[in-house]
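Working notes, beginning with the structure itself.
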Amino acid sequence: MYGNTHLPCLFIDLEKIRHNTRVMVQRCHDAGIAVAGVVKLLRGSPEVAQVMREAGVDWIADSRLDNLARLEDCGLPRLLLRLPSPQQAGETVRHSEISLNSEAVTLRALSAAAGRAGRTHKVIVMQDLGDLREGCYDEAETQELARLVLQLPHLELAGIGANLACYGGVAPSPQNQQRLVAIAQRIRRDLSCDCPIVSGCNSAASFMLLDGTLPAGMNQLRLGASLLMGIGLNDNPIPGLMQDTLWLEAEIIELKNKPSVPENSTALDAFGHKPVFEDYGIRSRALCALGKQDVALADLTPHDAGIRIIGGSSDHLILDLTEASKRYQVGDSIAFSLGYGGVLACMTSDYIEKVYRY
């Protein structure tokens with residue numbers, strides 16, 4: 001126990017997330033850009049969605065329908081980020097007001113599901129700008145899908161969008177963002193429609209927002225990492241935002257002086273790898289109740305700069321405390337900052353408690 005909290009625990013500072021959201025929303029709104037607040041990193045947390053709504057985001061967005069279902073009363077339209085399958089059409093219409101799409105068969109299924117539900121479902125057609133994840137690679141196909149949305153009953157063409165810097169490492173640029181704006185302009189002209197939203201990118205485009213290089217006509221950003229962790233492209237800190245919004249604490253369950261090299265190490269470890277060790281002599285080694293089943297150890301950075309992560313197994317984290325800034329004891333907690341993947345893993349692990357702090 002750590003106070004009334006069981007360790008390991010992920011702590012989430014809602015006031016710092018509120019600050020980040022207010023700053024980014026103000027910057028976006030000043031530039032004529034609406035914000036979809038993405039809560040997928042924190043597993044569709046209603047607490048975080050509420051803070052984002054209070055801080056001024058225009059939509060709440062998530063990749064998982066299960067998460068959006070929990071946000072039915074969030075007070076904002078819900079945007080489904082991951083392309084729905086045709087089999088998910090009914091759930092998509094029920095749990096989101098707008099979704100990203102790139103397949104005709106899915107659009108037809110959404111139209112039918114929306115008709116059965118007596119609703120109109122909004123669609124953003126996705127264009128692949130080279131990152132090779134979702135979206136039509138051919139601009140003509142994007143326009144034909146937009147035409148199909150306009151023809152199908154119970155669907156509304158909300159706009160077009162693109163995703164970058166999530167799979168192929170393609171950074172947003174004035175050129176690829178202007179290309180998306182131009183595609184939207186052609187759709188409006190050729191199809192005589194509004195196509196109001198041009199949803200350019202995610203938090204990776206934050207640097208373009210700051211330096212004023214987002215082209216005119218780009219009017220929506222889908223922001224998650226910037227609001228929740230204060231980071232943008234390549235995980236770089238965004239000026240004016242807070243990065244210490246989330247941290248993990250784990251408990252020391254053993255503390256012993258031991259050699260740094262195992263005796264007669266010949267077997268593979270529990271994950272099928274051959275371990276390699278360096279001889280640092282006798283060291284103060286701590287075991288923490290946290291393992292690879294919970295989080296990738298490479299995503300952890302101890303707050304105490306004198307602590308070194310040695311390794312771990314499925315249920316144990318092994319630390320070298322010899323150079324630590326203080327003398328730790330069994331039962332003490334060790335705090336860690338986390339990379340994006342580390343936060344995602346901790347939120348998914350049922351073995352890690354989550355505590356929201358105001």
Side-chain angles (χ1 to χ4, degrees), residues 34 36-40 44 49 57-129 131-163 166-167 180 183-184 186-188 190-202 219-222 224:
V38 179
V39 292
K40 66 176 184 176
V57 302
D58 304 285
W59 292 272
I60 289 294
D62 202 292
S63 295
R64 312 276 175 154
L65 286 166
D66 286 348
N67 292 346
L68 290 177
R70 289 197 293 273
L71 300 174
E72 183 176 5
D73 299 322
C74 71
L76 289 172
R78 294 164 294 173
L79 167 60
L80 175 62
L81 296 174
R82 186 166 67 180
L83 309 180
S85 70
Q87 290 76 21
Q88 292 177 313
E91 291 179 90
T92 300
V93 168
R94 186 161 58 251
H95 300 311
S96 68
E97 286 68 48
I98 182 170
S99 62
L100 310 183
N101 284 272
S102 65
E103 291 289 349
V105 63
T106 306
L107 292 174
R108 292 188 177 96
L110 287 170
S111 173
R116 289 191 297 270
R119 300 182 182 182
T120 296
H121 185 75
K122 296 182 179 181
V123 168
I124 292 177
V125 176
M126 295 299 282
Q127 170 72 43
D128 191 328
L129 295 177
D131 201 56
L132 301 184
R133 204 178 73 175
E134 74 269 54
C136 306
Y137 199 72
D138 186 342
E139 294 180 16
E141 183 185 2
T142 301
Q143 182 158 322
E144 285 308 303
L145 285 182
R147 187 191 306 274
L148 178 61
V149 174
L150 294 170
Q151 294 171 346
L152 288 170
H154 313 296
L155 295 186
E156 179 182 328
L157 180 62
I160 66 168
N163 191 67
C166 278
Y167 168 70
L180 191 66
I183 294 170
R186 282 197 295 274
I187 288 173
R188 292 168 186 146
D190 295 347
L191 303 184
S192 300
C193 64
D194 291 334
C195 192
I197 295 174
V198 183
S199 185
C201 195
N202 48 40
N219 58 24
Q220 188 201 70
L221 289 176
R222 309 179 303 275

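Index from 1, following the sequence.
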Any side-chain heavy atom of Leu83 within less than 4.5 Å of one from Glu103?
-> no
What is the distance from atom NZ of Lys40 to atom CG of Leu68, rounded to the nearest 0.5 Å?
-> 12.0 Å
If every non-hydrogen atom of Ser63 is compared with every non-hydrogen atom of Leu80, which pair is closest and at what distance?
-> O-CD1, 3.5 Å
Non-hydrogen atoms of Met126 and Arg222 that approach each other most closely = CE-NH2, 4.5 Å
Is a side-chain N or O of Glu91 found less than 3.5 angstrom from the main chain of Gln88, in a donor-acceptor match?
-> no
How many angstroms lie between atom OH of Tyr137 and atom CG of Asp128, to the nearest 0.5 angstrom?
-> 7.0 Å
Minimum-distance pair of heavy atoms, taken over all atoms of Ser111 and Pro153 | OG-O, 2.5 Å
Determine the minimum heavy-atom distance between Leu180 and Gln127, stating which atoms define it.
-> CD1-CB, 3.9 Å
Sequence neighbours excluded, which residues qualify as side-chain contact (heavy atoms from CB on, under 4.5 Å) partners of Leu150?
-> Leu157, Leu191, Cys193
Once you round to the nearest 0.5 Å, how far does NE2 of His154 lie from CZ of Arg116?
-> 10.0 Å
Gln220 side chain vs Ala34 backbone, donor-acceptor pair below 3.5 Å = no
Nearest-0.5 Å distance that lies between atom CG in Leu100 and atom OG in Ser199 = 7.0 Å
What distance do Leu110 atom CG and Ser99 atom OG have between them, rounded to the nearest 0.5 Å?
-> 5.0 Å
Less than 4.5 Å apart, any side-chain heavy atom of Glu139 and any of Arg186?
-> yes
Measure the shortest side-chain to side-chain distance between Ile60 and Val39 over non-hydrogen atoms and say whether it is less than 4.5 angstrom.
-> yes
Do Ile197 and Ile98 touch side chain to side chain, with heavy atoms closer than 4.5 Å?
-> yes
Closest non-hydrogen contact found for Ile160 with Ile124 is C-CG2, 3.5 Å
Under the side chain to side chain contact (heavy atoms under 4.5 Å, CB included) rule, what do Arg108 and Leu148 come out as? Steps first, then yes or no, please.
-> CA-CA 9 Å; Arg108 292 188 177 96; Leu148 178 61; 4.1 Å; yes
Sequence neighbours excluded, which residues qualify as side-chain contact (heavy atoms from CB on, under 4.5 Å) partners of Asp138?
-> Ala140, Glu141
In Å, rounded to the nearest 0.5 Å, how long is the span from OG of Ser96 to CG of Leu81?
-> 10.0 Å
Is a side-chain donor or acceptor of Asn202 paired with a backbone partner of Gly224 at a separation under 3.5 angstrom?
-> no
Report the residues that fulfil side-chain contact (heavy atoms from CB on, under 4.5 Å) with Asn67, sequence neighbours left out, ordered by chain and then residue number.
-> Arg43, Asp62, Arg64, Arg70
What closest approach, in Å, do Thr120 and Leu155 show between heavy atoms, and which atom pair accounts for it?
-> CG2-C, 4.2 Å
